[in-house]
Amino acid sequence: MEVRLVSDLFKALLVDIGNSQIKYARVNDMSDLTDIKCCQHPEELTAYISSVNQVLVSSVGHVTQVEELQCLCERLNKSCKVINTEAATLGIKCAYEKYQTLGVDRWLVILAAREITQLPVAVIDLGTANTCDIVINNQHLGGWIAPGFSLMRESLLSNTQKVFVDTNMPVNLEIGNTTENCVNYGCLASQTGFVVMAEKYLKNKYDDYFVLVTGGGQNSLSLQDNKKILFFPNLVLRGLFRLI
Ligand SMILES: Nc1ncnc2c1ncn2[C@@H]1O[C@H](COP(=O)(O)OP(=O)(O)O)[C@@H](O)[C@H]1O
Ligand SMILES: CC(C)(COP(=O)(O)O)[C@@H](O)C(=O)NCCC(=O)O
Ligand SMILES: [K+]
């Protein structure tokens, strides 16, 4: 068996288990957070786990996936730290009285956002569900939860008789002239409105602010020309990075 020196190992494997897919990054420093990979099952991480010093994992997905990852780490004799939402972390206070019920992915993007900007901020994660969280100074005010793009589309298909869909992902917001395209652009318009309304909320209350957007749905938003809306590959992993 190949023996690796501790110094040859990466600092950590960061794992974000969402409701659609597992995202992960093997990191030594922040720059490694641009190389993000996806998989469906924890055992696909075996080779990566062997090459790091420790694993940090956050999960809002099925509990069995965390258990599988923990077993894998035990078998490979690697430490596995499961991150949960706290009442306060790094000086940032959670809005929820029952803080344990706030999705840990939301908590981690809040920690990442606070490191990116000290201004009033809305941090938005366009995933299976779309979430928005507002952070002013070191206080999380709370936020919104809405269906993500695929959930919106699937819900239309399952709850109507004459609406049918395809699996295309729209690149820009256009006007649809087929049922499938009306659904795709309608769901995209709703998803874009989620972001636009977060900015409107901040604009009405604060002189300056940022809206940070992350998650699988970020690529289709036609909001790139808005200097107040910034895009990041995966702020959940960036929040985990702060906790290494
Ligand atoms: N091009 C796209 N346009 C709009 N939404 C998208 C696009 N690609 C992916 N998505 C959305 O992103 C979701 C997956 O994003 P991800 O952040 O990995 O989810 P999760 O963290 O919930 O597992 C999909 O369910 C889909 O709704
Ligand atoms: C809203 C979420 C499902 C989003 O998860 P995702 O779409 O990224 O898989 C997750 O943050 C969650 O399970 N939240 C628990 C409820 C709450 O945050 O109030
Ligand atoms: K997510």
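Both ligands and their constituent atoms are indexed starting at 1 by order of listing.
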Are side-chain heavy atoms of [X] and [Y] found at a separation under 4.5 Å?
X    : Y    : result
N234 : L33  : no
W144 : T131 : no
I17  : V66  : yes
E154 : F149 : no

If you measure every N/O of [X] against every N/O of ligand 2, is any gap under 3.5 Å?
X    : result
G103 : yes
T128 : yes
D125 : no
A129 : yes

Over all atoms of both residues, closest heavy-atom pair of [X] and [Y]:
X    : Y    : answer
Q21  : K23  : O-NZ, 2.9 Å
Y201 : L141 : OH-CD1, 4.1 Å
M152 : P147 : CE-O, 3.7 Å

Would you give me the side-chain donor-acceptor pairs under 3.5 Å for residues 171-179, sequence neighbours excluded?
unit_1 : atom_1 : unit_2 : atom_2 : d
T178   : OG1    : N181   : N      : 3.1
T178   : OG1    : N181   : ND2    : 3.4

Looking at [X], which atoms of ligand 2 are within less than 4.0 Å of one of its heavy atoms?
X    : result
T101 : 15 (C), 16 (C), 17 (C), 18 (O), 19 (O)
Y96  : 17 (C), 18 (O), 19 (O)
N19  : 3 (C), 5 (O), 6 (P), 9 (O)
L102 : 18 (O)
R106 : 11 (O), 17 (C), 18 (O), 19 (O)

Can [X] be said to touch ligand 1, with heavy atoms closer than 4.0 Å?
X    : answer
K23  : yes
N219 : no
M152 : no

Under 4.0 Å from a heavy atom of [X]: which atoms of ligand 1 are those, numbered in the order shown and with their elements?
X    : answer
S220 : 3 (N), 4 (C)
F149 : 4 (C), 5 (N), 27 (O)
T128 : 19 (O), 20 (P), 22 (O), 23 (O)
Q191 : 4 (C), 5 (N)
G127 : 13 (C), 15 (O), 16 (P), 17 (O), 19 (O), 22 (O), 27 (O)
G215 : 17 (O)

Checklist line | Closest to atom 11 (O) of ligand 2 among D105, D16, V60, T85 (heavy-atom distance) | finding: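 That would be D105.
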Margin query: Just to be sure I'm reading this right: ignoring hydrogens, which of P147, S150, G216, A129 gets closest to atom 10 (N) of ligand 1? Compare them by their nearest heavy atoms.
Written below: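 Looking at heavy atoms only, G216 sits closest to atom 10 (N) of ligand 1.
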Next item on the list: Under 4.0 Å, heavy atoms only, figure out whether ligand 2 is touched by the backbone of T131, its side chain, both or neither.
Entry: side chain
Next item on the list: Assess K37 against Y24: is NZ or CZ under 6.0 Å from the centre of the six-membered ring, and within 45 degrees of the ring's axis?
Entry: no
Check: Any ion pair linking D208 and K228 (charged N to carboxylate O, less than 4.0 Å)?
Finding: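 Salt bridge present between K228 and D208.
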Check: Can we say D166 and R153 salt-bridge, meaning some charged N sits less than 4.0 Å from an Asp/Glu carboxylate O?
Finding: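 Salt bridge present between D166 and R153.
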Notebook entry, point to check: Does one hydrophobic cluster hold both W107 and I244, with members joined at side-chain heavy-atom distances below 4.5 Å?
Noted result: yes
Check: Do any N/O atoms on D16 end up under 3.5 angstrom from N/O atoms on ligand 1?
Finding: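 The answer is no, given that D16 and ligand 1 share no N or O pair closer than 3.5 Å.
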Checklist line | Residue pairs fulfilling ring pair (Phe, Tyr, Trp, His ring centres under 6.0 Å) with at least one residue in residues 113-135, sequence neighbours excluded | finding: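 Qualifying pairs, neighbours excluded: none.
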